[in-house]
Every structure is written in C-alpha cells, then in structure tokens.
S.K.: 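The structure under discussion is supplied below as structure tokens; questions concerning it will follow.
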Amino acid sequence: MTEQELSNPPTDPDTHTDDPLLDDLTPPQREAVTHVDGPMLVIAGPGSGKTRVITRRVAHLVTRVGIPPWQVLAITFTNKAAGEMHQRTAELVTERQARALTVCTFHSLCARILRQYAERLGLPPGYSIYDTSDQKRAIKQALNDLEINTKNFPPGGVLSSISNAKNELIDAEAYAELAGDFYSRTIAKIYTKYTQILDRNNALDFDDLLLKTVSLLREHPDVLKELQDRYQYVMIDEYQDTNHAQFMIANALAGRHKNLCATGDPDQSIYGWRGANIKNILDFESHNPDAKVVRLEQNYRSTKCILALADALIKNNAKRKHKDLWTDNDRGEPVQTVTCRDERHEANWVVEEFRRLHDDDNLPWGQMAVFYRINSLSRVMEDALRDAGIPYQIARGTAFYERAEIKNAVAYLRCVVNPADEVSLMRIINTPTRGISDKTVKAMQAYALANNVQIDTLLGDPLKLTVVNTRAQTALAKFGKLLDTWRHAAGFGTEETTVVDDPITSLSLRGFVEDMLRQSGLEDACRNDKSDPDHERLANLGELVSSAQQFEQDFELELELDGGDHTPSLSEKLLAFLERISLVSDVDAVDPDQGAVTLMTLHAAKGLEYPTVAMIGVEDGLLPHERANADQQELEEERRLCFVGVTRAMKKLYLTHARYRTVFGQSNVTIPSRFFREMPEDCITEIDACDDDTGELADSLSQRSLAGREAMLYPSGSLVRHPQFGLGRVIDIHPTGSHTRARIAFNTSGTKTLILQYARLERVE
DNA sequence: AGGTTCGAGTTTTTT
DNA sequence: ACTCGAACCT
C-alpha cells in the first residue's frame with residue numbers, strides 16, 4: 001500500500017489542462033509538478049499526494065521539459081521507497097528513460113559514488129560496510145587495545161557518541177580538540193582508535209559512507225563538478241529526516257545548478273535521535289532565499305475523524321509551524337481506544353477484531369497493519385496471529401541477516417573480498433571449529449600489532465608465529481589455503497596472479513556461495529547442530545543461496561537492460577551482493593500484495609498507508625517512550641511519532657493499551673499514554689475490553705488451535721511454487737518455535753526444508 | 001580444544 | 001525471558 005494509491009484528487013475544472021500528467025492535480029500540486037529550475041520546498045502534510053507530485057514532476061521534467069533522464073537524481077529514505085518511486089515514474093515515461101533515472105537512498109548513492117571514485121580517496125575497492133554489530137566488535141577491540149573498561153564505556157553508548165559526531169562531520173581529531181571533560185576525552189581516544197581499526201580493516205561504517213562522500217566532494221573539485229553536471233536535478237524526499245552530512249551532500253550536488261527540490265513535513269520528523277536535523281527543512285527558505293515554496297495541506301487519505309485526531313494531537317507541539325490539515329473525505333467512524341488487561345489480551349483483541357473485519361466486512365488481510373513503538377511488542381502480536389492462522393508479515397528486512405549462521409556466511413564472503421577485514425576474520429577463523437584456539441588468535445593479534453602487518457598475512461605464513469605449536473600452525477595454513485582458493489575462484493587473485501575471470505567458465509554467484517558454504521564446513525556444522533534438530537539454520541543457509549541467485553539474476557538483467565554488452569564477472573557480482581546485503585532496511589521486506597497483515601514499528605511505517613491500523617502499547621513509558629520523558633524536544637518527537645502512526649490510517653484506527661504489561665518476565669501496572677488526553681473526545685469511542693470476555697474466549701480458542709492453521713495453507717501433498725526452486729510438492733509441514741518449516745520435494749532441485757516466513761512460496765492449484 | 005554452565009545485561013527508534 | 005560472553009569442566 002503506497003501513498004496515494006487509492007486516492008484521487010478531484011479535477012478542478014477551472015484549471016483544466018489537456019496534459020494527462022497535470023489534469024488530475026490540484027493547483028498547488030500542479031505548481032510543484034511544473035516547477036523546473038531553481039530551488040523548491042514542498043511542505044507536504046500526510047496523505048497530501050506527495051509521492052504523486054514527485055513522480056509526476058520527474059515525468060514532467062523528462063517528457064515535457066526535455067531534461068535528459070540521467071540528469072535526474074531522486075533520493076528517498078529506504079530502498080523500498082526508491083523501488084516504488086522508480087516503478088511509479090516508469091509508468092509515466094519510456095522504459096529507456098526510466099532506466100536512466102537515479103532513484104536511491106543516500107547510503108546507496110554514496111556507496112556507488114565511493115566505488116566509482118575509490119582510487120581518488122585511496123580506498124581499496126573491496127571495502128566492507130560494517131553494520132551495528134560489526135561496529136560494536138570494532139569498538140570492543142578499541143576499548144581492549146586502550147585498556148578501557150567496557151563497564152564504564154558500554155560499546156553501544158560509545159558508538160552513538162561517535163555516530164553523532166560523524167553525522168555532524170566532526171572527525172576524531174576535531175572531537176579531541178572539542179573534548180573538555182573526562183568522558184569526552186576518553187571518547188575522543190576511542191574514536192581515534194576506532195577510526196584506525198576501520199582503516200586497517202578496510203571497512204566503512206554507515207556514517208562513513210556519507211562522511212567519505214562529503215570529503216570526496218570537498219577535496220576534489222573536479223569530481224564535484226563532474227557529479228554536479230551529472231545530476232542537474234536533485235530531489236530529496238523526507239527532507240525533515242536528513243542529517244548534517246546528508247544536507248552537505250545534497251547542497252554540494254545541487255550547488256552548481258541550484259535545482260534542489262526538497263519534500264517533507266516537519267511534523268513527521270522522527271529521526272532526531274540519529275542525527276536528523278529538523279532545521280534543514282525549517283531553514284530551507286533562508287538557505288535558499290529564492291526558493292519556491294509549495295504547501296500541500298489537503299489530505300486525500302484519511303477520514304475526518306482520523307485527521308481531526310491527528311491534528312489535535314500535533315497542535316500540542318510548541319516548536320511547530322502551523323499547518324491547516326483538512327480533507328473532503330467522509331467523517332468516517334470514530335477512532336476506537338481500547339483498554340485491555342495485558343499484552344496477551346491486547347493482541348487477541350486486535351486479532352479478533354481483524355478477523356471480524358476480514359470475515360464480516362470482506363476486508364483483505366493485506367489492508368490491515370499493526371504498529372508499535374518498540375520491536376519487542378511484535379512478539380505477542382505474532383503469536384496471536386499465528387495461533388489464529390492469520391497470514392502476517394513483519395517489516396524486519398534486516399532480521400534475516402542478523403542470524404548468526406547468516407552473519408557467519410556473510411563474514412566468509414567479506415573475508416574473500418576484503419582480506420584486511422579482521423572483524424569478519426575473527427568471527428569465522430574458528431567457526432566452525434578447526435583447531436584454532438583463542439590462544440592462537442591472541443598470538444596472531446599480538447604479532448600483527450607488534451610487527452605492523454595485516455593479520456591475514458599470518459595465514460599464509462604461520463611459521464612466523466613461533467609461540468604457537470605446530471598443530472595450530474598447520475590449521476592456520478590450511479585455513480589460509482582455503483581462503484586463497486575462494487579468492488582465486490572469485491577472481492580476487494593475489495598480487496601476482498591477477499585473475500581476469502572469464503564469465504563463460506567462471507562460477508555463478510549462486511554456485512560460489514554454495515561451494516563456500518560446503519567447503520567452509522558451515523553447512524555440515526548446521527546439519528550436525530543438535531540444538532537445532534529441525535535444521536532451521538540449514539534452511540536459512542539455503543535461503544541465502546536463493547537470495548544470491550535472485551540477486552544475480554536481477555543484477556545481470558539490470559546490466560543487460562542498460563544496453564552494455566558487459567557481462568558482470570563473479571567478483572563484480574560478489575561485491576554488489578555484499579553491498580546490497582549491507583544496505584537492506586527493515587521495510588524493504590514489506591510486500592503490499594502478499595495478502596498478509598503487516599506488523600512494523602512506528603518508524604518503519606513512515607510513508608505508508610493502510611485502510612485499517614491498530615497501534616498497540618499506547619502507554620506512558622512506551623509512547624512516549626520513557627527515555628524521552630524528561631526532555632521536551634524528545635517528547636515532541638514522540639508526539640510526532642504518534643502523529644505519523646495515526647495518519648497512516650485511512651478508514652479505521654484502533655489505539656490500544658494494556659493495564660498490565662510483562663517486561664523481563666515481570667508483570668507491571670501501566671499508565672495509558674498522556675497522548676490520549678490530547679485527543680478530542682468527539683473523535684473517539686472508548687472501549688473497555690476487560691468488560692467482555694471475548695479476549696478470554698480467544699485465549700482458550702487460540703490455545704486449542706495452536707498446532708497451526710498456517711500449516712493448513714499448505715497442506716501436505718499440495719503443489720507449490722518457489723521463486724528459485726520451481727515447482728514442488730509439500731511433504732510435511734510443522735510449526736516450530738517462531739517459524740513454520742515445510743519439507744518440499746522439488747521437481748528439479750530435490751527435497752529441501754524451507755521456512756515459510758522466508759521462502760516466498762506460492763500455492764499452485 | 002571444545003563444550004557447558006552461569007550470570008549479566010537487555011529493549012527505543014535505523015541507514 | 002532470552003541471548004551473549006566468561007569462567008569452568010571434560
């Protein structure tokens with residue numbers, strides 16, 4: 001469900017044109033769409049047709065004004081949003097034009113630019129992109145090297161201090177100069193060390209992608225000019241959530257031709273905690289005195305009730321520019337605020353209500369969504385939905401890549417591509433166990449530090465490690481050989497054997513990943529893992545192979561469509577695959593056509609819309625979150641978060657809270673959110689679900705049907721289709737833990753155990 | 001060397 | 001309640 005999919009602003013007869021790109025737009029929308037040169041700010045309230053305006057403007061620039069499509073750059077907040085925007089623009093222009101557009105996130109744009117200009121920055125091409133857990137490992141390493149206690153400086157906290165500094169473009173040196181107190185002086189030391197570790201590992205963290213791009217643009221005027229001329233029309237969506245580094249990049253790119261179009265809504269700024277600066281959008285006009293400003297205030301999405309509630313809520317923010325939110329839509333039903341006993345009751349109440357909507361009102365599952373402030377609330381909701389046999393999906397695209405077995409597999413791939421990546425190497429050097437002990441590893445690190453060599457050189461020459469015994473040396477050498485074999489196969493030759501891999505004879509990406517999983521012993525380790533009798537982990541590795549294959553196909557198709565006769569080599573495909581894996585976001589996993597109830601955090605819900613929305617856990621301490629209670633600014637951000645959630649709903653909205661909530665296995669009394677008191681009574685129906693016993697009934701019902709109505713969707717013997725493995729027949733299916741596994745005999749690929757949540761199975765009748 | 005147990009910290013939100 | 005790491009045992 002994307003913005004504006006279901007809404008159609010009425011035609012205004014006075015300003016009718018014959019241009020199909022324009023004639024169904026309101027005057028302000030049209031004003032924004034037809035603006036060509038010079039800066040423009042579009043302040044777009046929720047559901048005001050912002051996405052429509054952006055896609056139409058791109059189409060207008062390309063097909064009416066005659067701007068070459070490759071000069072247009074559109075930056076979105078997630079890959080998912082980029083994909084959708086690209087898709088919707090493609091419907092308005094030719095296929096060739098659509099392909100020439102650049103639509104992506106800041107991070108993937110930066111990764112692309114950095115790869116292109118790597119040698120100008122002295123950046124070796126196989127650089128790793130570290131995610132939060134890799135970053136934490138690097139921080140721990142830094143703390144260890146500096147002999148600082150992790151008790152006083154928890155890696156997470158240190159990381160966020162460093163991240164905040166990076167987002168403000170403050171490097172370690174500058175940080176040290178600013179540091180006054182003991183805490184910041186220590187952070188400065190860790191920051192310096194952390195930077196050294198990343199450099200040594202040839203790794204960038206998320207912030208570095210932006211940071212390095214800023215320095216590239218600053219220090220290489222010729223590169224800047226090249227990029228400015230390449231991207232003459234720059235559009236940034238969700239401008240209220242840009243941080244300082246992103247602001248610098250946007251303004252540097254648009255600095256020459258001045259065609260910067262920013263769209264967003266200050267009331268939906270919800271990423272302040274990660275360095276987003278709401279001032280970027282508020283001060284747009286003073287940064288660009290000649291800017292055209294368009295305000296889109298009419299809402300086409302929600303009922304009057306929902307919008308009135310949202311408006312009343314957001315008016316409580318003191319630091320806010322006034323906006324008139326209005327709609328011609330029906331008044332609709334009142335918003336229901338529901339009091340439940342505990343989180344289980346709450347989940348069951350929502351499930352019962354959703355089932356009623358589905359069965360009685362014929363509302364498809366895909367048009368319902370559940371939002372929550374923190375991820376941990378998804379658990380109960382999931383259990384209730386699964387027990388009720390209702391199909392659901394969770395917007396956690398990164399969850400798959402956070403699994404230990406997948407992280408290990410990815411670490412192997414990174415080590416192949418980037419020999420300097422010590423964080424990844426340490427992860428896998430003895431996983432699965434191969435006779436390399438902690439002691440041996442410590443000795444390696446000590447030697448590498450003392451002799452200032454890259455740690456992986458020791459794998460080629462373990463005899464240097466005189467302190468470890470022969471057995472360990474042999475194990476190291478063997479492991480080194482294995483890595484070398486893969487590097488060779490993938491086309492990352494060692495210096496003297498720079499292998500130009502021949503795309504005809506070289507392995508496919510899928511084949512490479514499969515070989516690596518087998519030869520590394522990861523596959524066998526999962527197969528023999530007694531703690532995982534259902535081979536869930538093995539199935540996950542299988543999913544990684546499919547995703548590699550899927551990526552390979554898409555990547556080759558993309559290049560083919562680009563017109564070049566260039567067939568990508570295995571090494572190119574591997575680099576691109578790793579980059580993709582690093583930059584997936586949670587909402588990227590949401591498939592609106594899947595016909596399933598969607599669960600996500602309020603942050604992930606930004607930019608989406610659903611006919612029916614339930615927001616759960618609307619309690620003080622959760623929304624607003626307790627960590628934001630003290631600070632007025634943060635409280636206002638929590639209110640904006642609530643505003644974002646409420647304004648996603650088109651027709652029906654439920655706000656639920658539980659009297660007791662179990663945290664860490666302890667049941668605690670809760671207080672309803674203070675935001676309830678800010679909502680107008682005439683928009684609300686209060687329901688006390690504790691009065692009736694539907695919840696209790698649901699409790700007992702769900703217990704009985706626990707063995708899974710989900711399994712009924714794919715009964716044994718039914719014919720299914722898998723995107724990679726093709727047609728197959730279900731042998732058996734069981735719900736286990738948080739997943740449902742199915743054994744499926746495929747016609748061409750043999751029998752595989754798949755997890756329904758990851759395998760995109762399709763029932764074939 | 002490798003597996004097991006016990007304790008601590010964990011949960012805010014994410015590219 | 002659950003996961004991760006460190007000490008401890010085989």
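So you know, we letter chains A, B, ... as the sequences are listed, proteins then strands, and number each from 1.
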S.K.: Let me know, please, whether A/T440 or A/L583 comes out on the 5' side of the other along DNA chain B by nearest nucleotide.
M.R.: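 Going by which nucleotide is closer to the 5' end, it is A/T440.
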S.K.: May I have the distance from A/I270 (atom CD1) to B/dT12 (atom C1'), rounded to whole angstrom?
M.R.: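 Whole-Å distance recorded here is 12 Å.
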S.K.: Output all residues satisfying salt bridge (charged side-chain N to carboxylate O under 4.0 Å, His left out) with A/R661, sequence neighbours left out; order by chain, then residue number.
M.R.: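 Only A/E346, A/E619 meet the salt bridge (charged side-chain N to carboxylate O under 4.0 Å, His left out) criterion with A/R661.
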S.K.: For A/F643, which residues count as a ring pair (Phe, Tyr, Trp, His ring centres under 6.0 Å) partner, sequence neighbours excluded?
M.R.: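 Here no residue qualifies.
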S.K.: Rounded to the nearest angstrom, tell me the gap between atom CD in A/E626 and atom C1' in B/dT10.
M.R.: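 These atoms are roughly 12 Å apart.
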S.K.: B/dT12, OP1 or OP2 - any side-chain N/O from A/H625 closer than 4.0 Å?
M.R.: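 True: A/H625 side-chain N/O within range (under 4.0 Å) of B/dT12 OP1/OP2.
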S.K.: I'd like to know if the side chain of A/Y127 pairs up with that of A/R115 as donor and acceptor (distance under 3.5 Å, no hydrogens or angles considered).
M.R.: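 Judged by distance alone, the side chains do not pair up.
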S.K.: Which nucleotide in the set B/dA1, B/dT15, B/dT14 lies at the smallest distance from any side-chain heavy atom of A/N375?
M.R.: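 Nearest nucleotide to the side chain: B/dT14.
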S.K.: Does a side-chain N-to-carboxylate-O contact under 4.0 Å join A/R580 and A/D554?
M.R.: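 Not counted as a salt bridge, because no side-chain N and carboxylate O are separated by less than 4.0 Å.
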S.K.: Check whether any side-chain N or O of A/N79 sits under 4.0 Å from OP1 or OP2 of B/dT15, and answer yes or no.
M.R.: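 The answer is no; no side-chain N or O of A/N79 sits under 4.0 Å from OP1 or OP2.
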S.K.: Within the distance-only criterion (no hydrogens, no angle test), does the side chain of A/H603 pair as donor or acceptor with the backbone N or O of A/I270 below 3.5 angstrom?
M.R.: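 Yes; at least one donor-acceptor contact below 3.5 Å.
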S.K.: Expressed in angstrom and rounded to an integer, what is the separation of A/H603 atom NE2 from B/dT12 atom P?
M.R.: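 Computing the A/H603:NE2 to B/dT12:P distance gives 12 Å.
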S.K.: Separation of A/K606 atom NZ from B/dT14 atom P, in whole Å?
M.R.: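 Taking atom P of B/dT14 as the reference, NZ of A/K606 is at 11 Å.
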S.K.: I need the CD-P distance between A/E238 and B/dT15, as an integer number of Å.
M.R.: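 Rounded to the whole Å, the gap is 13 Å.
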S.K.: Has the side chain of A/E638 got a donor or acceptor atom that lies under 3.5 Å from a matching backbone atom of A/H625?
M.R.: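 It does hold such a pair.
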S.K.: Looking just at side-chain N and O atoms, do A/E238 and A/Q240 make a donor-acceptor pair shorter than 3.5 Å?
M.R.: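 Yes.
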S.K.: Under 3.5 Å, which protein N or O atoms sit close to an N or O of nucleotides 2-6 of chain B? Give each pair with its distance.
M.R.:
unit_1, atom_1, unit_2, atom_2, d
B/dG2, OP1, A/G435, N, 3.4

S.K.: Take nucleotides 1-10 of chain C nucleotide by nucleotide from the 5' end and write B, S or -, depending on whether a protein heavy atom sits under 4.0 Å from the base, only from the sugar-phosphate, or from neither.
M.R.: B---------
S.K.: Just jot down the ring pair (Phe, Tyr, Trp, His ring centres under 6.0 Å) partners of A/F551, sequence neighbours excluded, or say none.
M.R.: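 With neighbours one apart ignored, the set is A/F555, A/F577.
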S.K.: Verify the contact: side-chain N or O of A/T601 to OP1 or OP2 of B/dT14, cut-off strictly under 4.0 Å; return yes or no.
M.R.: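 Answer yes for this pair, as a side-chain N or O of A/T601 is under 4.0 Å from OP1 or OP2.
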S.K.: Determine whether any donor atom in the side chain of A/R373 lies under 3.5 Å from an acceptor atom in the base of B/dT13, or the reverse, and answer yes or no.
M.R.: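 Looking at the base of B/dT13, it does pair with a donor or acceptor on the side chain of A/R373 (distance under 3.5 Å).
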S.K.: Of the listed nucleotides (B/dT11, B/dT15, B/dA1), which one gets closest to any side-chain atom of A/I374?
M.R.: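 That would be B/dT11.
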S.K.: Of the nucleotides B/dT12, B/dT14, B/dT15, which has the atom closest to the A/T132 side chain?
M.R.: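 Of all the options, the side chain of A/T132 is nearest to B/dT15.
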S.K.: Please report, rounded to the nearest Å, how far the C1' atom of B/dT13 is from the CD atom of A/E638.
M.R.: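 Whole-Å distance recorded here is 8 Å.
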S.K.: How far, in whole Å, is C/dC4 from B/dT13 if one measures between their P atoms?
M.R.: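 To the nearest whole Å, 16 Å.
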S.K.: State which residues pass salt bridge (charged side-chain N to carboxylate O under 4.0 Å, His left out) with A/D199; sequence neighbours excluded, sorted by chain then number.
M.R.: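 Applying salt bridge (charged side-chain N to carboxylate O under 4.0 Å, His left out) to A/D199 gives none.
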S.K.: Can you tell me how far P of B/dT12 sits from CH2 of A/W273, to the nearest Å?
M.R.: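 The answer, rounded to whole Å, is 11 Å.
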S.K.: For a quick check under 3.5 Å, do A/D205 and A/Y194 share a side-chain donor-acceptor pair by atom type?
M.R.: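 A/D205 vs A/Y194: donor-acceptor pair found between side chains.
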S.K.: Mind checking A/Y271 for me? I need base, sugar-phosphate or nothing, with any heavy atom below 4.0 Å counting as a touch.
M.R.: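 Touches sugar-phosphate only.
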S.K.: In whole angstrom, what separates A/L641's CG from B/dT13's P?
M.R.: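 Result: 11 Å.
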S.K.: Reckon A/N167 has a side-chain N or O less than 4.0 Å from the OP1 or OP2 of B/dT15?
M.R.: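 Checking B/dT15 against A/N167, no side-chain N or O comes under 4.0 Å of OP1 or OP2.
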